[in-house]
Amino acid sequence: MDRAEPVIELIIRLCGWSAIIFVLAIFIFVLKEGVGALSQISLKEFLTSPNWRPTSMVREQYGILALMAGTLSVTLLAMLLAVPIGLGAAVYISEFSSPRIKETLKVIIELLAAIPSVVWGFIGYMVVGPIIIKLTGAPVGVNVLNGGIILALMSVPVIVSVGEDALRAVPDSYREAAQALGANKWETVYRVLFPAAKSGLLAAVLLGVGRSIGETMAVLMCTGHAVQMPTSVLDPVRTLTATIAAELGEAVRGDTHYRVLFLIGIVLFVFAFVVNLTADLIVKGIRGQRND
């Protein structure tokens with residue numbers, strides 16, 4: 001065992017560094033494939049034009065403003081739906097449910113998280129879409145509202161799981177002290193547990209945001225895949241991830257269209273970096289306030 005210990009330690013170190021290495025390797029590959037597009041297109045047009053016409057015979061246009069608007073609109077609607085439901089479910093499981101109901105709900109939530117995104121896409125297309133048409137009179141059922149509902153359902157398990165863990169991590173002495181001062185269950189949750197678990201709850205919400213921004217197949221099937229600036233939740237839209245998934249197989253390797261799709265991947269990397277950096281700064285600020 002003494003001779004094997006250095007080898008085992010090396011393997012453990014490699015496992016620890018592997019995640020960083022893999023992320024860097026993916027980023028370098030995407031950057032290598034996409035950065036060449038900057039010499040072939042206008043960066044200003046790329047970021048500010050709503051026109052995405054990569055196969056036009058007259059003039060190819062590679063504006064992603066409408067794609068970014070579609071991505072952000074679907075993600076924002078999904079979070080407006082998922083965050084209250086997810087945090088509410090996390091509070092119920094952590095503080096109000098009996099042990100038997102708690103275990104049952106945890107199993108159901110884990111099963112929801114295990115459903116493939118393409119199945120969620122079918123549910124949105126075949127079930128949610130007709131309901132939207134019937135209730136709103138919209139001409140089509142695949143739109144921002146459909147995509148937001150499906151992404152909310154896909155994000156809720158992540159928010160519930162991480163949020164419940166954050167609430168359970170709060171020491172029981174906090175609950176006992178609040179009850180000793182005469183606080184009821186809801187007052188304890190609102191005035192004690194939420195402030196104490198802010199870091200974990202914020203992480204839960206941001207993980208849900210990341211889940212929504214990075215989702216591909218479900219939004220490809222549920223949002224209508226139309227390149228336009230949305231003006232209401234009933235408008236069909238197209239997202240950045242769906243564009244990459246739908247067009248990468250048709251693009252000629254090495255040409256402008258191909259490289260621009262990788263450039264969109266770099267934009268998604270930037271979105272993810274900004275979300276994670278914002279979360280890190282907020283969490284550090286919260287921890288700093290506690291220490292003060």
Side-chain angles (χ1 to χ4, degrees), residues 49-56 61 63-89 105 108-160 205 207-250 261 264 267-268 271:
S49 172
N51 300 317
W52 176 262
R53 301 187 183 99
T55 58
S56 174
Q61 294 177 290
I64 64 167
L65 182 61
L67 305 181
M68 288 193 293
T71 299
L72 295 176
S73 62
V74 174
T75 301
L76 178 60
L77 179 59
M79 289 302 99
L80 288 175
L81 298 174
V83 170
I85 296 173
L87 294 184
L105 289 176
I108 294 174
I109 290 169
E110 290 173 359
L111 289 175
L112 284 175
I115 296 176
S117 60
V118 67
V119 176
W120 282 115
F122 274 122
I123 293 173
Y125 188 80
M126 300 300 296
V127 179
V128 179
I131 293 175
I132 291 175
I133 292 174
K134 183 176 180 180
L135 294 180
T136 66
V140 292
V142 284
N143 45 38
V144 173
L145 180 59
N146 193 330
I149 292 173
I150 294 300
L151 283 185
L153 293 174
M154 296 176 70
S155 301
V156 161
V158 176
I159 297 174
V160 172
V205 172
L207 282 173
V209 173
R211 181 79 170 91
S212 297
I213 291 179
E215 179 53 43
T216 302
M217 187 54 65
V219 294
L220 178 62
M221 300 174 68
C222 298
T223 57
H225 208 57
V227 182
Q228 63 176 352
M229 298 292 290
T231 57
S232 76
V233 295
L234 300 179
D235 287 341
V237 293
R238 185 191 293 194
T239 64
L240 294 168
T241 52
T243 301
I244 296 174
E247 299 184 9
L248 188 60
E250 302 174 355
L261 291 176
I264 292 176
V267 173
L268 288 170
F271 277 174

Taking the side chain as C-beta and beyond, is there a heavy-atom pair between I115 and M154 under 4.5 Å? no
In this structure, CG of L268 is separated from CD1 of I264 (nearest 0.5 Å) by 8.0 Å
Checking the side chain of N146 only, and the main-chain atoms of N143 only, is there a donor and an acceptor separated by less than 3.5 Å? no
Is it the case that the side chain of T241 and the backbone of G214 share a donor-acceptor pair, with hydrogens and angles ignored and the cut-off at 3.5 Å?
no
Notebook entry, point to check: Between Q61 and S56, does a side-chain contact (heavy atoms from CB on, under 4.5 Å) hold up when you go through it step by step?
Noted result: CA-CA 8 Å; Q61 294 177 290; S56 174; over 6 Å; no
Q) Is the backbone N or O of M217 less than 3.5 Å from a side-chain atom of S117, with the two atoms forming a donor-acceptor pair by type? A) no
| said: Using side-chain contact (heavy atoms from CB on, under 4.5 Å), reason through V156 and L112 one step at a time and then give a plain yes or no. | reply: CA-CA 9 Å; V156 161; L112 284 175; 5.8 Å; no
Result for side-chain contact (heavy atoms from CB on, under 4.5 Å) between L67 and one of I244, V237, L240 points to L240
Flag the pair I109 / P157 as yes when at least one side-chain heavy-atom distance between them is below 4.5 Å, and no otherwise. yes
Return yes when atom CE of M229 has more than 12 non-hydrogen atoms of other residues, nucleotides or ligands closer than 6.0 Å, and no otherwise.
-> yes
Going through the distances and angles, do R238 and W52 end up as a side-chain contact (heavy atoms from CB on, under 4.5 Å)?
CA-CA 10 Å; R238 185 191 293 194; W52 176 262; 3.6 Å; yes
List the steps and the verdict of side-chain contact (heavy atoms from CB on, under 4.5 Å) for L234 and I132.
CA-CA 9 Å; L234 300 179; I132 291 175; 4.1 Å; yes
Exercise for the section: Check whether any side-chain heavy atom of F271 sits under 4.5 Å from a side-chain heavy atom of T75, and report yes or no. Expected result: no
*Any side-chain heavy-atom pair of C222 and V128 under 4.5 Å*: no
